[in-house]
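Down below is the structure, laid out as structure tokens.
Start at 1 with the first residue, then count along the sequence. Atom set for the values below is all heavy atoms of this structure, side chains included, hydrogens, waters and symmetry mates excluded. These figures come from a predicted structure and were not determined experimentally.
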Amino acid sequence: VLIWSADPPTKEAPAKESVHLRPYKDTGHRMPVLPIYGPSATAQLGFAHIYVLHDPSHPTRLLRMAHLLQLLQLTAEFVPATDPFLSRMSIYRDIRQHSYASALILDDSVDMELNIRSLMRVAHENLPGDWDMFFPGHCGAFEGTQDQPSGMAALRMANMPICLHAHAVSLKGAHQIVKHVKPSQEIIEMAIMRLKERGLLRMYSLDVPVFTPRPSTEELRKQDRPAGNKRLEISALSHLSLWQNGGKRF
């Protein structure tokens with residue numbers, strides 16, 4: 001049996017579960033269906049909903065991410081990402097349609113700190129109520145230079161977080177994005193950043209990201225990472241293999 005070394009949701013890790021797939025709306029893609037592990041304060045990291053964007057061109061990520069969320073006992077909705085702009089905009093519209101107070105949006109390539117529940121609980125305790133977007137993961141090389149709005153030293157007004165691999169949006173933020181971001185030749189990351197520059201979105205970020213894209217084989221070989229994308233203290237993905245290979249103690 002796998003014994004958790006940090007921030008376990010229970011004393012022992014959950015038993016390994018099979019991943020059930022079902023058709024996702026009318027997309028022709030089959031997405032994992034995860035159990036509801038508990039209240040949103042824990043199973044959804046304090047957000048009303050979690051989305052995972054899956055890139056169908058990388059099929060191995062699908063089950064890996066589903067198993068990672070099972071390991072951490074997190075509940076999420078998987079969404080096929082067929083177009084970078086349209087897929088993200090569909091999520092922002094979905095947040096509005098369901099009136100979710102907030103939602104965390106993750107790419108299927110992300111890794112996260114093993115004690116992500118504790119880290120996000122502290123972040124929520126210090127996140128100001130006027131937030132529109134929150135970046136617990138980012139590639140910004142200049143984060144950590146803005147004012148601190150609360151007693152949490154690692155939480156600040158965002159500067160230029162870039163990257164959307166792990167970001168949260170409030171209902172008000174989703175309204176602003178859907179209203180003001182239109183299809184163009186500009187990538188969606190920059191279109192959203194321009195809303196911040198215009199004062200239409202209040203953004204916050206963590207000095208040190210607690211979500212990070214899993215490095216590619218080439219990045220691992222070169223020991224190279226995007227600017228601002230720090231290494232995790234305790235990678236959840238590194239513990240996933242232990243869990244899958246018989247639940248060794250660590």
Side-chain angles (χ1 to χ4, degrees), residues 45 47 50-55 57-58 61 64-65 68 76 79 81 83-89 91-92 102-114 116 119-120 123 127 131-149 152-170 173-174 177 181 184-198 200-238:
L45 298 177
F47 301 99
I50 297 178
Y51 297 91
V52 175
L53 272 171
H54 167 59
D55 182 351
S57 66
H58 296 280
R61 294 179 184 173
R64 184 184 72 192
M65 188 62 173
L68 182 63
V79 179
D83 177 274
F85 182 92
L86 296 178
S87 298
R88 293 193 184 279
M89 290 300 294
I91 286 180
Y92 302 136
S102 62
L104 177 66
I105 305 165
L106 304 174
D107 285 358
D108 62 1
S109 63
V110 298
D111 190 3
M112 63 194 80
E113 294 287 1
L114 184 62
I116 192 65
L119 296 170
M120 294 307 297
L127 190 61
W131 71 277
D132 297 318
M133 295 190 75
F134 171 48
F135 290 80
H138 58 79
C139 305
F142 303 103
E143 299 309 294
T145 62
Q146 303 291 84
D147 294 335
Q148 295 174 347
M152 183 180 179
L155 176 69
R156 299 175 189 264
M157 294 285 292
N159 187 13
M160 189 62 69
I162 313 297
C163 296
L164 297 177
H165 59 268
H167 71 288
V169 182
S170 69
I177 294 172
V181 174
S184 69
Q185 292 183 334
E186 189 173 51
I187 61 172
I188 191 168
E189 288 87 344
M190 292 310 301
I192 289 175
M193 289 302 139
R194 293 194 189 284
L195 297 188
K196 172 186 176 291
E197 294 174 358
R198 294 165 56 190
L200 296 175
L201 289 174
R202 292 186 66 82
M203 297 182 179
Y204 296 87
S205 65
L206 296 178
D207 287 0
V208 179
V210 295
F211 293 88
T212 184
R214 180 178 172 83
S216 66
T217 303
E218 183 68 12
E219 287 171 337
L220 288 171
R221 186 180 66 80
K222 293 182 176 179
Q223 295 187 332
D224 187 25
R225 303 175 75 84
N229 194 357
K230 308 293 192 303
R231 294 183 183 278
L232 298 174
E233 292 291 331
I234 307 176
S235 159
L237 271 176
S238 68

Inset, instruction - For residues I192 and L164, determine if any side-chain heavy atom of one lies less than 4.5 Å from a side-chain heavy atom of the other. - result: yes
Inset, instruction - Mind running side chain to side chain donor-acceptor pair (under 3.5 Å) on D111 and S235 for me, showing each step along the way? - result: CA-CA 7 Å; D111 190 3; S235 159; 2.4 Å; yes
Legend entry - With D108, the side-chain hydrogen bond (donor to acceptor under 3.5 Å, both in side chains) member among H54, H165, R64, R214: H54
Inset, instruction - Verify, without hydrogens or angle tests, whether E113 (side chain) and I234 (backbone) share a donor-acceptor contact under 3.5 angstrom. - result: yes
Legend entry - For A168, all residues meeting side-chain contact (heavy atoms from CB on, under 4.5 Å), sequence neighbours excluded: F47, L104, W131, F134
Legend entry - side chain to side chain donor-acceptor pair (under 3.5 Å) partners for S238, two or more places apart: none
Inset, instruction - Could you tell me which residues satisfy salt bridge (charged side-chain N to carboxylate O under 4.0 Å, His left out) with E186, sequence neighbours excluded, listed by chain and number? - result: R194
Legend entry - By side chain to side chain donor-acceptor pair (under 3.5 Å) - contacts of R202 (at least two apart): D130, Y204
Inset, instruction - Output all residues satisfying side chain to side chain donor-acceptor pair (under 3.5 Å) with S184, sequence neighbours left out; order by chain, then residue number. - result: none
Inset, instruction - Taking the side chain as every heavy atom from C-beta outward, state whether L45 and I116 have any pair of such atoms under 4.5 Å apart. - result: yes
Inset, instruction - Only counting residues at least two apart or in another chain, list the ones meeting ring-ring contact (aromatic ring centres under 6.0 Å, His included) with Y51. - result: H49
Inset, instruction - With sequence neighbours left out, write down each residue that passes side chain to side chain donor-acceptor pair (under 3.5 Å) with D55, or none if nothing qualifies. - result: S57
Inset, instruction - Measure the shortest side-chain to side-chain distance between H58 and S109 over non-hydrogen atoms and say whether it is less than 4.5 angstrom. - result: no
Inset, instruction - Could you check if a side-chain atom of M112 sits within less than 4.5 angstrom of a side-chain atom of V210, using non-hydrogen atoms only? - result: no
Legend entry - V79 side chain near S87 side chain, heavy-atom distance below 4.5 Å: no
Inset, instruction - Just jot down the side-chain contact (heavy atoms from CB on, under 4.5 Å) partners of L200, sequence neighbours excluded, or say none. - result: Q176, H180, L195, R198
Inset, instruction - Output all residues satisfying salt bridge (charged side-chain N to carboxylate O under 4.0 Å, His left out) with D107, sequence neighbours left out; order by chain, then residue number. - result: R88
Legend entry - Sidechain-backbone polar pair: K196 side chain, M160 backbone, donor-acceptor under 3.5 Å: no
